[in-house]
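Have a look at the structure below before the remarks.
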Amino acid sequence: MQVGLEVFLGLAAVLFALGLYGAISKKSAVMVLMSLELMAVAVNINLVAFSRFLTPEAMTGQFFTIFTMVVSAAEIGLGLALVLAIYRQSRSIELAGMNRLKG
Amino acid sequence: MGYVAVIPLLPALAFAILAPLSGELRNRLRGVAVAGMAGSLVLSVIAFFQTWPGGHAEHPVWHVTFPLAEISGKPLEMGLMLDPISAAMLLVITIVGMCVQIYSLGYMHRDGRVGWYYAALSLFTAAMLLLVLADNFLLLYMAWEVMGLCSYLLIGFWHEQEAPRKASQKAFLTTRVGDVGFAIGLFAMYNAAGTFSFEGVLGSAASWAPGAATLVALMLLFGAMGKSAQVPLHVWLPDAMAGPTPASALIHAATMVAAGVYLVARALPIFEVSGVALTVTLWVGAITAMVGGLLAAVQHDIKKVLAYSTISQLGYMFIALGAGSVVAAMFHLVTHAFFKSLLFLGAGVIIHASHTQDMREMGGLAKHLKITTITFTAGSLALAGVFPFSGFWSKDEILAVLLHEQQYGVFVIALIAAFITAFYVARLWFRVFMGPEQSDELHEAHTSMLAPMVLLASITTVIGIGGYWFAEFLGHHGAWPEPKIYLPSLVAAGAGLALGWWAYGRMNVVLNTRPLKHRAGYAYDMLSMKLYFDLTYDTFVIKPYMRLALAFAIFDFKRIDGVVNGVARSWRTLSDRGWKFDRTVIDGAVNASASGARALGSRLRRIQVGRVQAYQRYVVGAVVLLMLWTVVKGA
């Protein structure tokens, strides 16, 4: 059975929507970071799917995905470090409390 | 003999030191002026004795010139020279000047601006000394003008009061009328002779174009008439009595008014070439001697009597010049300078003692002011021409010249003037020194005031004898008085004195202030109106002039000021508009952009809530909108 492009795109859309919902609605910074990661994964699925179905002979899209995965890993590392630093400061990781830089 | 140049320099230096100082310091340093004057006096005495025995007036004893400028190729030279006339004048100026300065120490010591008084006095003396040392008419004219300024300053010394202020203006303007004539004379002289130096001008006068000598002489005479207060330019001198009395002694008796006589004496060769000018001078002098004497006889102000008598005596000097005798004129100038300054200084003491200048309120001073009485009497007798006082000798010399020149008409006038002089001298003397005392606190003046008077009185008493040698000194033949001249002269003087005594000296008429008024009637009225000179000037010159000035002022006020104000007003309107434009449009634009940015900022600031997830929503919303837009556009 041949699985079509639409299935991948649909899965990616669902994941993206879940990630977006989580990013917007979660109170905890860690949960938001995880949601962001989910959205990045959705994008990666898109990239791989397009690469596999539209340009099967070239590996460009797949390598590009590896790069974005590295970038998001770095990003999540940085994000978690920030969260830890904030936690040490205020004993809380709730996003609603992180507004001390507002003028 | 270079020290002669220092003579006018010393008082000028005193002025230069005093003038820039502040009031209090200047008052304290007034001794500088006295010291300068004393230095000049010593040098003048030396100069006089180095000039002695004189003789040749044409050859100066000392002469120095230096080129000042060049006028179309011809050098203009300035210089100083000392000849017997200058030497005599130097001595008179410095002696009288010294006496006046010492006298002023006492007379003016309570005045708050005595320092400035001394500064002006010094500048005046310096100018007069320079005038008599000048070797050319241009330098003489310069010194002449400086003196005009100084007389203005000194007459108007008490400028807080109305009378001195007006008198100073009158003196300045009246003499200025004469000065214009002098200036025209100078131009004509340069045109004719091509030089201003005495030597060049007087030497070439005979060869000038016809009429030139007459023009120059008459113009110089006009200038001299202004300075020496000859009719009809005499009106300033009586008013000038508003100045301090010692200044009157120096300026309006002894020296400044002598400058006119000196000028004519210097320029006499031009007058002689002209002939006509000589006659004019003679008659100007005769009329002035007469008018001055008559007016002196009706004055009540002691200083005005002396002022008119000065005018009259200056008339005598002009008579002598008109008769062609420098010697007689200069001799009368010298004797008059001494006795008239003596009389003025005496008048100062009298005014101080009796606190008034009105002779009707004086009387009986002889009992209290002994020294003043003696010295003043000497001066009075000299003025009246009584033997052996100096006035007798010099008047006699003038009469002798008139007789010699066969000017019998003027001779008679001079005799009548001598009679009138003696009359008003007696009137003054009896009024002031005799009769009942009108004040009980009379006291004699300070020694510093009496000493100069005593000195001048002794000079006045003895100097007349020197007439013979004075003539020789000036390079003429001296002569002793002859009976055919001094007898009528003495008779005239005696008659005048007797009439004066009869009218004012007898005990029963002393209080009667108007015997003359009653007996003379209309003539007295005419005289008390100063022969209508002032009235005439007032009606025909001053009033029309003031009216013209008023018309100009009105024109100025209405038209010219109107234009100026109109321009100013339109500028004002224009700038007002500009201001409004600036406020509404330009400021409006600036303010509008600022307030716009502010409003926008305050709106936008509401979406900056500070919550990360809110921003996320914005981003998502924006992306959704973008996508919708793309989809709609694509469709």
Side-chain angles (χ1 to χ4, degrees), chain A residues 6 9-10 12-47 50 68 72 75-87 89-103, chain B residues 565 567-635:
Chain A
E6 301 82 16
L9 289 187
V14 169
L15 281 178
F16 189 85
L18 283 173
L20 185 60
Y21 168 76
I24 287 173
S25 60
K26 288 296 161 188
K27 284 185 179 172
S28 159
V30 177
M31 293 301 282
V32 170
L33 281 174
M34 285 170 64
S35 305
L36 289 177
E37 208 54 32
L38 208 56
M39 287 161 77
V41 168
V43 171
N44 285 344
I45 289 170
N46 268 9
L47 284 171
F50 280 126
T68 55
S72 41
E75 173 211 317
I76 214 76
L78 185 66
L80 281 173
L82 279 172
V83 169
L84 275 175
I86 290 167
Y87 180 74
Q89 284 279 318
S90 57
R91 294 276 144 201
S92 160
I93 52 167
E94 286 205 6
L95 274 177
M98 297 180 196
N99 59 356
R100 277 188 292 165
L101 284 177
K102 186 193 173 233
Chain B
N565 288 341
V567 170
R569 237 194 322 272
S570 43
W571 266 114
R572 202 189 154 100
T573 315
L574 198 63
S575 56
D576 199 48
R577 297 267 160 78
W579 181 72
K580 275 183 185 147
F581 178 79
D582 195 39
R583 279 295 290 252
T584 52
V585 179
I586 299 185
D587 282 16
V590 174
N591 289 342
S593 69
S595 63
R598 193 190 171 91
L600 195 63
S602 70
R603 297 253 165 86
L604 282 178
R605 131 183 237 274
R606 275 186 226 150
I607 63 171
Q608 300 280 344
V609 291
R611 280 181 287 117
V612 177
Q613 284 164 326
Y615 300 147
Q616 268 180 335
R617 277 177 211 138
Y618 300 150
V619 172
V620 172
V623 169
V624 169
L625 283 174
L626 266 175
M627 279 165 64
L628 275 176
W629 186 58
T630 316
V631 171
V632 171
K633 202 185 162 200

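The analysis underlying the following values was restricted to heavy atoms, covering all of them including side chains, and did not include hydrogens, waters or symmetry mates. Naming convention: chains lettered A, B, ... in sequence-line order (proteins, then strands); numbering from 1 in each chain. On a predicted model such as this, the values are computed, not experimentally measured, just so you know.
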### Task
Hey, could you give me the CZ/CD1 distance between B:Arg617 and A:Ile24, rounded to the nearest 0.5 Å?
6.5 Å
### Query
Which of residues 28-41 of chain A have a heavy atom under 4.5 Å from any heavy atom of chain B?
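Residues in range: A:Val32, A:Leu36.
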### Message
Taking OH in A:Tyr21 as the centre, count heavy atoms belonging to other residues, nucleotides or ligands within less than 6.0 Å. Is the count above 12?
### Response
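For A:Tyr21, atom OH is not crowded (no more than 12 foreign heavy atoms under 6.0 Å).
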#### Entry: Backbone N/O of A:Lys26 and side chain of B:Gln613: donor-acceptor pair under 3.5 Å
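Judged by distance alone, yes, a pair lies under 3.5 Å.
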